Every structure is written in structure tokens, then in C-alpha cells.
Amino acid sequence: MPRTRSRSGQRRPPATPNQPRTPPAHRSGAPAPHEFKPLPDQWTIHLHTVLNLTILTLIDADGAHRHITFAPLTTLNPSGTTDRPAQTLEEITEPELRARAQQLIDTFYQRTATAQANADAFGAAMPDLAQLLNRLSETAPSGPASLTRTGLTIDDDTLTVVLTLTASGPAVATLRALADRCPRPADTPAEGITQDLDPHGHLTLRLDQTRARQFLSWYRTQP
């Protein structure tokens, strides 16, 4: 795949595969100009045009859709429906679509930075996270019917951390009891935690970043 070119036409050094480049620093004391960020290496923007609407999808090197936006057009597409990929912004010759494509890339970088900041904040608040999750697994009854999975993900809408705990058998009651015993500060909304019990008896407990931090901080103090 060709490397991304800057607006000056010079080649940029390759970034780490599948990772966005770090924006260049600007001189202190002067206002920061708008930095036009390029596509990460081996990423593309897919443009799907129907009549007078174009759907722009940011696709990573593995083919996963990372972000999407829409661009209304001032004229109808004479071909009805068209599809085309763009590996650089320079390949998008229409000014309106190129501006929307740049906005798509900018939004992706902003979302990535926000998600990373939230994950870093959670990690800083929970430096003993691995020990707490291991201890939580040991609290549940041992054997095949126990706390079977823990995991951390990022909510695609809020860009915050989600803690997921899954239990089966006798561990379901243990996990529910822990969740019920954990106190909730008065200024914390009632939402932020969900419990799903499937027909096979597996309980999945999901806690948003605030409730996960409260739950694990409380659990840390338990004998």
C-alpha cells in the first residue's frame, strides 16, 4: 500500500502498524494551527454514494469499520450508486467530500484520545486491578461452576471503561451478593450497572467506569 503523502507531496515516515501517528508538536507561545492528520498506514476511507448522499467509512488495516459519517451532496450522482476506496485524502478530489473525510479522521483521533484518557484514568485509580480481579475469581466457588470471565472494554458511545464479570452455577449468587452489598454514594446515578441472566444460568454483570471504580475500591477493603 502506498504511504500517506502530506499536502506538500513529501512522504511521511511510516507509523507503527494499525496505530495512528502522534501529531507533531507546535512551537510554544504561538497559537496551534489546525493540524490536518493523515490516514494511519494501510487504512482507507470507503465512499458509498447514493443519489445525493455519500457515506464515508473509515476502515482499518484489518478491514474493521472504525468510524462513519455522511456528506450530503448538492447534485445527484448521475450513476445512481457508486463505491470507491481512498487510501489518501489527495485521492478525494471533491472539496466537500475531502473536507468531510478530514473531519472523519479528526473525529477518530479525538475519540481515540478520549478513550485512552479514560482508560488511563481508570488504570491510575486501580493500580492493583489484576490482583483485585484474581481475588474476585477466588472468592467465587471453585470448580467449573464459578466466576468464569472478567474483562475490560471501551463503550463505543461514551468512550469510557466497562467492566464485565460473568459467573455460572453457585458463583451467580456470590456475584449478585457482592454487587448488592456494595454501597452506592448518594450522588451516583442509579444506572451504571446491569445484570443479565441467560437461560443457561450464566450471569453477566456490567459496570460502567464510575460504578466499576466504586465496586472495586469497595471490594479492596473487604476482608
Side-chain angles (χ1 to χ4, degrees), residues 15-23 40 43 57-68 105 107-185 187-223:
T16 302
N18 300 333
Q19 293 296 326
R21 297 185 179 85
T22 302
W43 288 38
T57 306
L58 185 63
I59 302 177
D60 67 18
D62 297 322
H65 292 194
R66 303 300 294 270
H67 201 51
I68 188 171
I105 297 172
T107 300
F108 167 75
Y109 276 88
Q110 292 164 4
R111 285 171 55 84
T112 300
T114 299
Q116 185 64 60
N118 287 330
D120 290 346
F122 186 79
M126 296 287 122
D128 54 345
L129 177 63
Q131 294 90 329
L132 288 172
L133 294 180
N134 287 337
R135 180 186 158 204
L136 189 60
S137 297
E138 294 169 359
T139 300
S142 60
S146 63
L147 187 67
T148 55
R149 188 179 76 244
T150 62
L152 293 175
T153 57
I154 294 291
D155 185 281
D156 192 53
D157 293 323
T158 64
L159 304 178
T160 53
V161 171
V162 176
L163 171 65
T164 301
L165 306 172
T166 302
S168 62
V172 169
T174 304
L175 186 56
R176 273 185 164 168
L178 287 172
D180 292 341
R181 284 169 49 203
C182 177
R184 178 174 60 86
D187 59 348
T188 302
E191 61 269 13
I193 180 170
T194 61
Q195 299 185 36
D196 296 317
L197 186 65
D198 69 18
H200 303 288
H202 298 96
L203 174 68
T204 299
L205 189 70
R206 296 183 181 87
L207 302 95
D208 68 13
Q209 184 160 336
T210 299
R211 297 300 295 275
R213 180 168 46 80
Q214 291 170 352
F215 175 75
L216 292 174
S217 297
W218 167 80
Y219 183 69
R220 182 191 288 132
T221 65
Q222 299 306 296

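Here the structure is a predicted model, which means the values were calculated and not measured.
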* **Donor-acceptor pair, side chain of Asp60 and main chain of Asp62, under 3.5 angstrom** => yes

* Heavy-atom donor-acceptor pair, Arg220 side chain to Met126 backbone, under 3.5 Å -> no

Supply the atom-to-atom distance [X] [atom1] to [Y] [atom2], rounded to the nearest 0.5 angstrom.
X	Y	atom1	atom2	value
Leu205	Ile193	CG	CD1	4.5 Å
Asp208	Asp155	CG	CG	8.5 Å
His200	Ser168	NE2	OG	12.0 Å
Leu175	Gln195	CG	CD	7.0 Å
Leu207	Leu152	CG	CG	10.5 Å
Arg66	Ile68	CZ	CD1	14.0 Å

Check whether any side-chain heavy atom of [X] lies under 4.5 Å from a side-chain heavy atom of [Y], and answer yes or no.
X	Y	value
Arg176	Leu197	yes
Asp156	Arg111	yes
Leu163	Leu216	yes
Thr158	Asn118	no
Arg181	Leu178	yes
Arg213	Val161	no

* Hey, what's the ring geometry for Phe215 with Trp218, parallel, tilted or perpendicular (30° and 60° as the breaks)? -> tilted

If you look at every heavy atom in [X] and [Y], which pair is closest and at what distance?
X	Y	answer
Leu136	Leu165	CD2-CD1, 3.6 Å
Ala119	Ile154	CB-CD1, 4.4 Å
Ala167	Val172	O-CG2, 3.7 Å

